[in-house]
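Reckoned from all heavy atoms, side chains included, excluding hydrogens, waters and symmetry mates. Numbers here are sequence positions counted from 1.
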Amino acid sequence: MWCVTSDSTDSMFLADCRARLAFDLLGNTWNCVVLWALRHGPRRPGELRGRIGGISQKVLTETLRRLEFNGLVARRSYGGSPPRVEYELTALGRTLLDPIDAFGAWAFEHGDEVMAAQDNYSGDNYTRDS
(Lines give C-alpha, C1' and ligand atoms only; values in the text may rest on other atoms or scores of the structure.)
Protein backbone atom coordinates (compact mmCIF):
# COMPACT_ATOMS: atom_id res chain seq x y z
CA MET A 1 0.00 0.00 0.00
CA TRP A 2 1.05 3.67 -0.15
CA CYS A 3 3.20 3.97 2.93
CA VAL A 4 2.96 0.79 4.91
CA THR A 5 6.02 -0.59 6.59
CA SER A 6 6.35 -4.30 7.19
CA ASP A 7 8.14 -6.05 9.93
CA SER A 8 8.22 -9.83 10.30
CA THR A 9 4.74 -10.11 11.81
CA ASP A 10 2.60 -7.08 11.03
CA SER A 11 2.08 -4.07 8.80
CA MET A 12 1.60 -0.60 10.24
CA PHE A 13 0.69 2.76 8.76
CA LEU A 14 3.45 5.24 9.42
CA ALA A 15 2.53 8.19 11.61
CA ASP A 16 3.73 10.68 8.97
CA CYS A 17 2.14 8.84 6.06
CA ARG A 18 0.77 11.11 3.33
CA ALA A 19 -2.05 8.66 2.65
CA ARG A 20 -3.17 9.11 6.26
CA LEU A 21 -3.23 12.86 5.67
CA ALA A 22 -5.44 12.37 2.61
CA PHE A 23 -7.75 9.98 4.47
CA ASP A 24 -8.03 12.51 7.29
CA LEU A 25 -8.94 15.28 4.84
CA LEU A 26 -11.58 13.16 3.12
CA GLY A 27 -12.72 11.47 6.32
CA ASN A 28 -14.24 14.65 7.70
CA THR A 29 -17.75 14.77 6.25
CA TRP A 30 -17.92 18.55 6.13
CA ASN A 31 -14.60 18.91 4.29
CA CYS A 32 -15.91 16.98 1.29
CA VAL A 33 -19.31 18.65 1.38
CA VAL A 34 -17.84 22.16 1.46
CA LEU A 35 -15.31 21.37 -1.28
CA TRP A 36 -18.11 19.96 -3.44
CA ALA A 37 -20.30 23.03 -2.76
CA LEU A 38 -17.46 25.27 -4.01
CA ARG A 39 -16.91 23.35 -7.26
CA HIS A 40 -18.75 25.90 -9.43
CA GLY A 41 -16.96 28.99 -8.15
CA PRO A 42 -16.54 31.35 -5.23
CA ARG A 43 -19.26 31.52 -2.61
CA ARG A 44 -20.00 33.68 0.40
CA PRO A 45 -20.48 31.85 3.71
CA GLY A 46 -24.23 32.51 3.69
CA GLU A 47 -24.52 31.05 0.20
CA LEU A 48 -22.59 27.98 1.30
CA ARG A 49 -24.90 27.43 4.28
CA GLY A 50 -27.86 27.70 1.94
CA ARG A 51 -26.40 25.07 -0.40
CA ILE A 52 -25.38 22.76 2.44
CA GLY A 53 -28.22 21.59 4.61
CA GLY A 54 -27.65 20.96 8.29
CA ILE A 55 -24.36 22.77 8.85
CA SER A 56 -24.12 25.35 11.61
CA GLN A 57 -22.30 28.63 11.14
CA LYS A 58 -19.68 27.53 13.68
CA VAL A 59 -18.99 24.23 11.92
CA LEU A 60 -18.89 25.94 8.51
CA THR A 61 -16.38 28.48 9.80
CA GLU A 62 -14.20 25.75 11.36
CA THR A 63 -14.34 23.71 8.15
CA LEU A 64 -13.43 26.67 5.93
CA ARG A 65 -10.49 27.52 8.21
CA ARG A 66 -9.30 23.89 8.16
CA LEU A 67 -9.56 23.76 4.36
CA GLU A 68 -7.74 27.10 4.06
CA PHE A 69 -5.01 25.87 6.45
CA ASN A 70 -4.52 22.82 4.21
CA GLY A 71 -4.31 24.93 1.04
CA LEU A 72 -7.56 23.60 -0.43
CA VAL A 73 -9.63 26.79 -0.15
CA ALA A 74 -8.71 30.45 -0.53
CA ARG A 75 -10.40 33.25 1.40
CA ARG A 76 -10.88 36.59 -0.29
CA SER A 77 -11.94 39.70 1.66
CA TYR A 78 -13.53 42.72 0.07
CA GLY A 79 -13.70 46.12 1.72
CA GLY A 80 -16.84 48.14 1.93
CA SER A 81 -19.69 48.38 4.28
CA PRO A 82 -20.49 45.75 5.26
CA PRO A 83 -17.26 43.88 4.52
CA ARG A 84 -17.67 40.85 2.29
CA VAL A 85 -15.82 37.52 2.28
CA GLU A 86 -15.80 34.78 -0.36
CA TYR A 87 -14.24 31.35 -0.44
CA GLU A 88 -13.10 29.44 -3.50
CA LEU A 89 -11.24 26.28 -4.31
CA THR A 90 -7.54 26.51 -4.94
CA ALA A 91 -5.92 24.52 -7.73
CA LEU A 92 -4.98 21.96 -5.08
CA GLY A 93 -8.55 21.85 -3.81
CA ARG A 94 -9.83 21.19 -7.33
CA THR A 95 -7.67 18.05 -7.49
CA LEU A 96 -9.93 16.50 -4.82
CA LEU A 97 -13.14 16.89 -6.84
CA ASP A 98 -12.62 13.69 -8.85
CA PRO A 99 -11.96 11.51 -5.76
CA ILE A 100 -14.96 13.06 -3.99
CA ASP A 101 -17.10 12.44 -7.08
CA ALA A 102 -15.89 8.83 -7.25
CA PHE A 103 -16.64 8.27 -3.58
CA GLY A 104 -20.09 9.81 -4.05
CA ALA A 105 -20.75 7.53 -7.02
CA TRP A 106 -19.73 4.54 -4.88
CA ALA A 107 -22.13 5.69 -2.13
CA PHE A 108 -24.94 6.10 -4.65
CA GLU A 109 -24.34 2.62 -6.02
CA HIS A 110 -23.82 0.84 -2.69
CA GLY A 111 -25.63 3.02 -0.16
CA ASP A 112 -28.66 0.72 0.02
CA GLU A 113 -26.38 -2.22 0.80
CA VAL A 114 -24.64 -0.31 3.58
CA MET A 115 -27.94 0.81 5.09
CA ALA A 116 -29.28 -2.77 4.90
CA ALA A 117 -26.16 -4.01 6.71
CA GLN A 118 -26.70 -1.36 9.38
CA ASP A 119 -30.34 -2.40 9.76
CA ASN A 120 -29.33 -6.08 10.07
CA TYR A 121 -26.45 -5.49 12.48
CA SER A 122 -27.20 -6.87 15.92
CA GLY A 123 -23.87 -6.33 17.63
CA ASP A 124 -23.90 -9.91 18.93
CA ASN A 125 -20.78 -10.80 16.98
CA TYR A 126 -18.85 -7.71 17.99
CA THR A 127 -15.48 -8.38 19.56
CA ARG A 128 -13.23 -5.73 20.97
CA ASP A 129 -9.49 -5.91 20.38
CA SER A 130 -7.72 -6.07 23.72
Side-chain angles (χ1 to χ4, degrees):
M1 199 152 168
W2 307 282
C3 56
V4 175
T5 182
S6 295
D7 60 24
S8 61
T9 60
D10 200 8
S11 296
M12 299 172 24
F13 279 99
L14 300 174
D16 62 349
C17 176
R18 290 181 179 164
R20 280 178 58 175
L21 169 66
F23 295 142
D24 182 54
L25 289 172
L26 293 178
N28 181 297
T29 301
W30 294 117
N31 285 354
C32 293
V33 171
V34 170
L35 291 170
W36 194 252
L38 288 169
R39 73 189 181 283
H40 293 303
R43 298 279 185 251
R44 295 177 70 176
E47 291 176 281
L48 283 172
R49 281 196 66 208
R51 296 175 78 78
I52 301 169
I55 190 169
S56 70
Q57 184 61 49
K58 178 183 182 224
V59 171
L60 177 60
T61 299
E62 290 170 353
T63 302
L64 288 166
R65 286 181 181 162
R66 183 173 48 253
L67 294 172
E68 186 180 13
F69 172 77
N70 285 290
L72 304 174
V73 166
R75 179 182 189 271
R76 186 176 298 142
S77 297
Y78 298 94
S81 182
R84 189 171 62 116
V85 175
E86 285 184 340
Y87 292 88
E88 66 182 322
L89 294 176
T90 62
L92 181 60
R94 289 202 162 280
T95 65
L96 281 174
L97 292 178
D98 284 341
I100 292 169
D101 188 40
F103 198 63
W106 179 89
F108 183 79
E109 184 174 338
H110 299 286
D112 290 339
E113 296 168 71
V114 172
M115 289 187 288
Q118 292 172 352
D119 288 344
N120 293 327
Y121 180 76
S122 68
D124 294 338
N125 296 326
Y126 178 76
T127 58
R128 175 175 276 159
D129 293 335
S130 303

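- The stretch residues 29-48 participates, sequence neighbours left out, in these side-chain hydrogen bond (donor to acceptor under 3.5 Å, both in side chains) pairs: Asn31-Arg66.
- Taking the side chain as every heavy atom from C-beta outward, Pro45 and Tyr87 approach each other to under 4.5 Å.
- Both Val34 and Val85 belong to a common hydrophobic cluster when Ile, Leu, Val, Met, Phe, Trp and Tyr are linked at side-chain heavy-atom distances under 4.5 angstrom.
- Residues passing the side-chain hydrogen bond (donor to acceptor under 3.5 Å, both in side chains) test with Thr95: none are found, sequence neighbours excluded.
- Of all heavy-atom pairs between Pro42 and Glu88, the closest is CG-OE1, 3.7 Å.
- Between Leu48 and Leu60, some side-chain heavy-atom pair lies under the 4.5 Å cut-off.
- Checking Arg65 against Thr63 by side-chain atom types alone, no donor-acceptor pair falls below 3.5 Å.
- Summarising the local packing, CZ of Phe108 is surrounded by 12 or fewer heavy atoms from other residues, nucleotides or ligands at distances under 6.0 Å.
- Residue Ser56 comes nearest to Arg49 through the heavy atom pair C-NE, 4.0 Å, listed as atom of the first residue, atom of the second, then distance.
- The closest donor-acceptor contact from the side chain of Thr90 to the backbone of Gly71 lies under 3.5 Å.
- No continuous path of hydrophobic side-chain contacts links Leu21 to Phe23 [ILVMFWY only; heavy atoms under 4.5 Å].
- Between Leu89 and Leu97 the shortest side-chain heavy-atom distance falls below 4.5 Å.
- Of the candidates Leu38, Leu64, Leu35, Leu35 is the only one forming a side chain to side chain contact (heavy atoms under 4.5 Å, CB included) with Leu72.
- Using the six-membered ring where Trp is involved, Phe103 and Trp106 have ring planes that are parallel, under 30° apart on the 30 and 60° scheme.
- Checked by atom type and distance alone, the side chain of Asn120 pairs as donor or acceptor with a backbone atom of Ala116 at under 3.5 Å.
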